[in-house]
Amino acid sequence: MTTFTCTYDEFRRIVADFLKAADTASAAELDAGVHCVGLHFLGIQWTGSPLDEVHRKAGAPACMRLVTKKVIERELQLEAAWV
């Protein structure tokens, strides 16, 4: 599986875009979006600076928790629409 190479700032922008788009995404779009975010997470290029170390250990995982929370919320909304 390949990843997308990006900086931490680019990753944060991708996460923000995903969080905005997830509110109206279909199940297939949501699945594709979360996979895209995950591949960017894996491809973050760290510089080794002390600030990057903080982002690597806390910032990026926190972003992924936000993405996961949004995915679950949207999946529940989509599921409720079927009932």
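In this structure, the side chains of R12 and C63 come closer than 4.5 Å at one or more pairs of heavy atoms. Contact annotation: the side chain of H55 never approaches that of I44 to less than 4.5 Å [non-hydrogen atoms, C-beta and beyond]. Within the 4.5 Å cutoff, no side-chain heavy atoms of F4 are placed close to those of V37.
Here I72 contributes atom CD1 and E79 contributes atom CD; the two are 13.5 Å apart, rounded to the nearest 0.5 Å. Expressed to the nearest 0.5 Å, how far CG of L39 lies from OG1 of T3 amounts to 7.0 Å.
Among all heavy-atom pairs drawn from R56 and P61, the shortest one is O-CD, 3.4 Å. The nearest pair of heavy atoms linking A58 to R65 is O-NH2, 4.4 Å. Nearest heavy atom pair, residue I14 against residue H40, reads CD1-CD2, 3.0 Å. Here the shortest heavy-atom pairing between Q77 and D23 reads OE1-O, 4.4 Å.
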Would you be so kind as to tabulate the donor-acceptor pairs closer than 3.5 Å made by side chains of residues 25-36, with sequence neighbours excluded?
residue: S26; atom: OG; partner: E29; partner atom: N; Å: 3.2
residue: S26; atom: OG; partner: E29; partner atom: OE1; Å: 3.4
residue: E29; atom: OE1; partner: S26; partner atom: N; Å: 2.8
residue: D31; atom: OD1; partner: H35; partner atom: ND1; Å: 3.3
residue: H35; atom: ND1; partner: D31; partner atom: O; Å: 2.6

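Listed by chain and number, the residues in a ring-ring contact (aromatic ring centres under 6.0 Å, His included) with F41 are F11 (sequence neighbours excluded).
Linking Ile, Leu, Val, Met, Phe, Trp and Tyr whenever their side-chain heavy atoms come within less than 4.5 Å puts F18 and L42 in one cluster. Residue V15 is grouped with residue W46 when hydrophobic side chains (ILVMFWY) are merged at heavy-atom distances under 4.5 angstrom, including chains of intermediate members.
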